[in-house]
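Shown next, in structure tokens, is the structure this report addresses.
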Amino acid sequence: QVQLDESGGGLVQAGGSLRLSCAASGRTFSSYVMGWFRQAPGKEREFVAAISWSGGSTRYADFVKGRFTISRDNAKDAVHLQMNKLKPEDTAVYYCAAGRHWVDQTRIGRYGYWGQGTQVTVSS
């Protein structure tokens, strides 16, 4: 098993930046594909970004391309999401997730472990 703990959320004005972090504990962090998802009030949870085991491959949802960057530090068992040029529609609870396979990594069902989430609120 792996336990995930997100941090870094908060309130920011439109156009601002936030850096989310997810600390992992438990089994070998480098053996997991890591993803970020988000869920806005009244909406379904959606894929944001994913990164492969070594960090050599990444994938992003179209609505964050060019604004968000996912990265990982396997030496520190952490994954990050740098969010720039934030928009009010980015307001959501952001979740870190861990999975085994770099296939269909945009699908929620590919991830077996989830954090509790961190709130991001972007004011206009």
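Start at 1 with the first residue, then count along the sequence.
One hydrophobic cluster, built from ILVMFWY side chains closer than 4.5 Å, cannot hold both L86 and F37; they sit in different ones. In the hydrophobic clustering of ILVMFWY residues, with side-chain heavy atoms under 4.5 Å counting as a link, I51 and Y94 come out together. Linking Ile, Leu, Val, Met, Phe, Trp and Tyr residues whenever their side-chain heavy atoms come within less than 4.5 Å places V48 and V12 in a single cluster. Linking ILVMFWY side-chain heavy atoms closer than 4.5 Å, directly or via other members, places V33 and I108 in a single hydrophobic cluster. If you chain together hydrophobic residues whose side chains sit under 4.5 Å apart, L4 and L18 fall into the same group.
No side-chain N or O of Q3 forms a donor-acceptor pair with one of D5 less than 3.5 Å apart.
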**OP:** Dump the intermediate steps for side-chain hydrogen bond (donor to acceptor under 3.5 Å, both in side chains) on R110 and Q105, then the final yes or no.
**Re:** CA-CA 6 Å; R110 283 296 185 180; Q105 62 274 108; over 6 Å; no

**OP:** Using the side-chain contact (heavy atoms from CB on, under 4.5 Å) rule, take S17 and Q82 through it: C-alpha gap first, then chi angles, then the decisive distance, then the call.
**Re:** CA-CA 8 Å; S17 298; Q82 177 66 42; 4.0 Å; yes

**OP:** Begin with the C-alpha distance, continue with both residues' side-chain angles, and end with the deciding distance and a verdict on side-chain contact (heavy atoms from CB on, under 4.5 Å) for S31 and R100.
**Re:** CA-CA 7 Å; S31 67; R100 287 294 193 179; 3.0 Å; yes

**OP:** Could you give me the CA-CA distance, side-chain angles and deciding distance for F29 and K76, then say whether side-chain contact (heavy atoms from CB on, under 4.5 Å) is met?
**Re:** CA-CA 9 Å; F29 176 70; K76 296 183 178 179; over 6 Å; no

Subject >> Criterion salt bridge (charged side-chain N to carboxylate O under 4.0 Å, His left out) on R107 and D104, from CA distance to verdict >> reply: CA-CA 6 Å; R107 295 178 58 185; D104 293 337; 3.6 Å; yes

**OP:** Decide side-chain hydrogen bond (donor to acceptor under 3.5 Å, both in side chains) for H80 and S21; before the verdict, give the C-alpha distance in whole Å, the side-chain angles of both, and the deciding distance to 0.1 Å.
**Re:** CA-CA 4 Å; H80 306 286; S21 294; 2.9 Å; yes

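Checking side-chain atoms of R38 against main-chain N and O of V93 turns up no donor-acceptor pair under 3.5 Å. Counting only distance, with no hydrogens or angles, the side chain of T121 and the backbone of L11 share no donor-acceptor pair below 3.5 Å. Listed for the T91 side chain is a donor-acceptor partner under 3.5 Å among the backbone atoms of V122. Put simply, the side chain of E6 gets close to the backbone of C96: a donor and an acceptor are under 3.5 Å apart.
Aromatic ring centres of F47 and W36 lie farther apart than the 6.0 Å criterion allows.
With a 4.5 Å cut-off on side-chain heavy atoms, Y95 and R45 count as touching. Side-chain contact between W102 and R59: present, with at least one pair of heavy atoms (C-beta onward) separated by less than 4.5 Å. Proximity of N84 to F68: side-chain heavy atoms (C-beta onward) are nowhere separated by under 4.5 Å.
Interatomic distance, L20 CG to S7 OG, rounded to the nearest 0.5 Å: 8.0 Å. A distance of 11.5 Å separates CD1 in I70 from OG in S57, rounded to the nearest 0.5 Å. Here the CD atom belonging to Q13 is positioned 9.5 Å from the OG atom belonging to S124, to the nearest 0.5 angstrom. Here the straight-line distance linking atom CG of L81 with atom SG of C22 works out to 10.5 Å at 0.5 Å rounding.
Using bins of under 30°, 30° to 60° and over 60° for the plane-to-plane angle, the ring pair Y113/Y32 lands in the perpendicular bin.
Minimum heavy-atom separation, S30 to N74: CB-ND2, 3.6 Å. The two atoms that bring V79 and S71 nearest to each other are CG2-O, 3.1 Å, heavy atoms only. In terms of heavy-atom proximity, A40 sits nearest to A92 at N-CB, 3.8 Å.
At least one test fails for R72 against the ring of W53: distance under 6.0 Å to the centre or angle within 45° of the axis.
The pair D62-K65 meets the salt-bridge criterion, since a charged nitrogen lies less than 4.0 angstrom from a carboxylate oxygen.
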